[in-house]
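Hydrogens, waters and symmetry mates are skipped; everything else that's a heavy atom, side chains included, is used. Sequence lines set the chain letters: A, B, ... in the order given, protein chains first and strands last, and positions in each chain run from 1.
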Amino acid sequence: MHSKQYDQLTASQKKAVFHIEGPLLVLAGPGSGKTRVITYRIAALIDSGVKPYNICAITFTNKAAEEMRQRAITLGSSGGAHISTFHSLCVRILRRYAAIAGINSNFSIYDASDQTHCIKQAVKDCDLDTTNFSPARMLEAISTLKNNLTDVDSFKAQADDFFSKKLVNVYAHYQKLLTERNALDFDDLLMKTALLLQNSHDVCKELGNRFKFLLIDEYQDTNHAQYKIAKLLASNHNNICVTGDPDQSIYRWRGADIRNILAFEEDWPDATIVKLEENFRSTANILEIADNLIAVNQKRKQKRLIPTRPRGKDVVVEVYEDELQEAHGIAAEIRKLAEQGVSLRDIAVFYRVNSMSRTIEEAFIRSKLPYQIVRGVEFYGRKEIRDVLAYLKILANPNDQLALLRIINTPARGIGKTTIDKLRDYADSHHISLYESLKRAGAMVSVSKAAKANIATFVNMTEQLKKNLTGPVASLTRLVFDQSGLAAFYKPDQGALENIEELISAAAIYDQQTEQPSLLDYLQQISLFSDADSYNTTVDRVALMTLHAAKGLEFENVFIIGLEDGLLPHERSIEDRDQLEEERRLFFVGITRAKTNLHISCAQYRTIRGQLLRAIPSQFLYELGINFAPSAKENHYDSDDEEDDDADITDDTDDTFQEVQKFTSGQLVWHKLFGLGRVHEFMNMGANSVVVVRFNTGQTKTLMVKYANLSKQ
DNA sequence: CATAGCCGCCTTTTT
DNA sequence: GGCGGCTATG
């Protein structure tokens, strides 16, 4: 590492980089060079004599971890530092201290769809109806409990109301299923690690000695369990450095607790605080609207974005007829940019929900624009991929009943439902795993002769394959694919075959990059991977992603679509003030990804779940502080779904420049269509003033005062 | 025991 | 609109 390189840093960045010992809080706004500070900090630690081995950096995504490793290497700091997400770190810890944590080290990691299977089973076992105790609701409740480190026993002690008492049962059953299958879900990884550190001083001390310097990025999005892990790990030495931006906290729904970063100084009284407020990314006008928007949030520390770039092109807010027009408008705009020589990789389209990508995709296909969708788990969710992985999982963890049930008769090998039911009954009554019962099937009277032979063949095959548990994973995957019969089964499906080849080459990369490749390690790693991690920044394609996925990225040209009431802010967030603020932060994150060109759009009509609906511009558009008037063109805006002109009362048609009625929060109002309601929020924008009303019908609407024709009650 | 077809359910964001 | 589970049929 050449000292010269440090000269590129600003004074405050240097302060964060060279503060070696003790707690450090880096409050870093968007585009402030935070990632750079962290990588330089790793280099500076090593320069000052710290062994890479003693450094542990925690990132928010696997992709961020990968990038940080690369950057650290280019900076000249040798590898060896542990850089990963919280979840990956937990897997390593739990595997190492499995016995103390009371688990088996070859555990499977259950993803959302695995969880759903188990929770459905658990709800059924508890004889509850799935309307009031829907799988989604149960999972959410259990996830919250786990995030707060409440295990079954401690929850049992505090559950007093009806719902909680039922939930205890479901929770207990669910955990029992996971334990029997030797599986942990995402939340377990965190909870078990936190409890391990909490309950075992030896482990806590040992790990504190191993990781003498702890760095945590995106600290604003840590949940309680992660907070606890960080605190316990650092309790041995106080060398904890966290970075984050409360204005970019967008994972509250997943248990993220913004108080973790807000109260850092209380947790670590001798903490040094460095603020990085300068923004090196965006033009001054982009930052201006971001600033205006985020200033509306009540629950926040005042903070300004200080631009270092001059003003650039105006931010464009476009109103389209419907989502098709919007998609084609954006495609046309991108074509224009491309003709001006802009690389497609410098362009991104952000949206609130994944389903919105379809319309954009179709328009891009028609316009022959290459794109890549950065999506959650599409690849690993594919049937053929899940099939292959299920075979592999069975080899690593024979107790993984979910995996076994998936492939026991896929491809069909004459082990049908009746046989499987008998095997399950046998396993249950003898308290053995399903796989174990397969081995004993030969002795079961009720199982048919043919089935017995088929089961024996299956068991034989898996036992043979098990001999390859250590060593390269790619070759094993191919072997499994061929031997299992999946190869023959998927032969007619070219797409499936290609996906499997992709899986095998990914495994080959793993084999190359890992010192001691093993199936178990591979499976546990890829369980934590998502497609977003494979987002390729080098290919020349437009990137399509949700606003959540956009976190941590930056682009020259950004398009944010669907700025409509109910979409952004999302309808599920409108009721709650805190959630509304989070939606605003989400929009803020999107805006601040843009370096030079920012296009924001909304549509007047949008098809949602197959229904064409009239859309109302998002209240956020009025908060940007730019002159946004949806009716600027010939477009006429009604506040509701009716087509009638209620211009009869406010007959002054030329009221554009006149002040409109003002409202205050809490006021009762009457609307012709929605009836009685209470004012939630009023934004005074002169003639374009907007009012958010919660109607007694349960709906919350954002209305333009000049069209809404509200009367005060 | 396998397959096709139908019905009903869910649908925000993700490690 | 899409997927998973169930049923009826071969």
Side-chain angles (χ1 to χ4, degrees), chain A residues 58-65 84-91 109-113 115-117 120 124 130-131 134-137 139-140 143 146-147 184-191 193 218 221-223 225-226 249-256 350-359 374-378 380-383 406 408-421 448 450-451 454 524-533 545-552 562 566-574 579 582-583 585-587 589-590 607-612:
Chain A
I58 299 174
T59 57
F60 193 73
T61 63
N62 287 298
K63 177 160 174 59
S84 79
T85 62
F86 259 109
H87 287 84
S88 295
L89 176 67
C90 290
V91 168
I109 298 171
Y110 274 11
D111 67 12
S113 84
Q115 283 180 294
T116 308
H117 273 277
K120 277 182 183 164
K124 219 195 235 165
T130 48
T131 359
S134 71
R137 195 172 165 202
L139 276 178
E140 201 194 308
S143 175
K146 288 183 177 176
N147 284 336
L184 302 181
D185 64 20
F186 286 123
D187 299 315
D188 282 333
L189 295 173
L190 300 175
M191 178 172 78
T193 306
E218 309 281 14
D221 279 322
T222 48
N223 63 29
Q226 292 167 325
S249 162
I250 53 174
Y251 282 92
R252 205 181 80 110
W253 53 273
R254 211 174 72 184
F350 303 152
Y351 35 80
R352 179 65 177 84
V353 294
N354 279 307
S355 61
M356 291 166 75
S357 69
R358 247 199 58 220
T359 326
V374 183
R375 191 172 310 198
V377 287
E378 205 189 40
Y380 292 104
R382 290 201 138 90
K383 188 178 170 296
R406 179 179 188 95
I408 189 167
N409 204 29
T410 305
R413 52 170 65 85
I415 308 175
K417 195 179 176 300
T418 337
T419 309
I420 293 171
D421 282 346
S448 75
N454 294 332
Q524 291 181 341
Q525 276 199 32
I526 63 162
S527 302
L528 302 175
F529 254 75
S530 68
D531 285 6
D533 299 317
M545 67 188 85
T546 62
L547 285 158
H548 282 91
K551 168 170 164 160
L567 213 45
L568 186 64
H570 195 271
E571 58 180 344
R572 314 258 294 229
S573 310
I574 280 171
Q579 284 189 53
E582 175 146 314
E583 296 285 309
R585 290 194 292 269
L586 191 55
F587 188 26
V589 166
T607 310
I608 292 172
R609 296 197 275 278
Q611 276 207 311
L612 183 70

Under 4.0 Å: is that the gap between some side-chain N or O of [X] and OP1 or OP2 of [N]?
| X | N | result |
| --- | --- | --- |
| A/Asn409 | B/dA2 | yes |
| A/Asn454 | B/dC1 | no |
| A/Arg252 | B/dT13 | no |
| A/Thr419 | B/dC1 | yes |
| A/Arg254 | B/dT14 | no |
| A/Thr546 | B/dT14 | yes |

Of A/Glu582 and A/Ala412, the one whose closest DNA chain B nucleotide lies more 5': A/Ala412
A/Tyr251 and A/Phe60 aromatic centres sub-6.0 Å: yes
Considering all heavy atoms, the nearest A/Arg352-A/Leu567 contact: CG-O, 2.9 Å
Whether A/His87 stacks on the six-membered ring of B/dT15 base, 5.5 Å and 30° limits: no
Is_stacked (A/Trp253, B/dT13) at 5.5 Å, 30 deg: yes
For [X] and [N], what is the distance between atoms [atom1] and [atom2] respectively, to the nearest whole Å?
| X | N | atom1 | atom2 | result |
| --- | --- | --- | --- | --- |
| A/Gln579 | B/dT13 | CD | C1' | 11 Å |
| A/Phe60 | B/dT14 | CZ | C1' | 7 Å |
| A/Arg352 | B/dT11 | CZ | P | 14 Å |
| A/Tyr351 | B/dT14 | OH | P | 9 Å |
| A/Asp188 | B/dT15 | CG | P | 18 Å |
| A/Asn354 | B/dT13 | CG | P | 5 Å |

Beyond-backbone contact of A/Lys146 with A/Leu190, side-chain heavy atoms, under 4.5 angstrom: no
Sugar-phosphate only, base, or nothing, as touched by A/Tyr251 at under 4.0 Å among non-hydrogen atoms: sugar-phosphate
Check: A/Thr85/A/Ser88 side-chain N/O donor and acceptor closer than 3.5 Å: yes
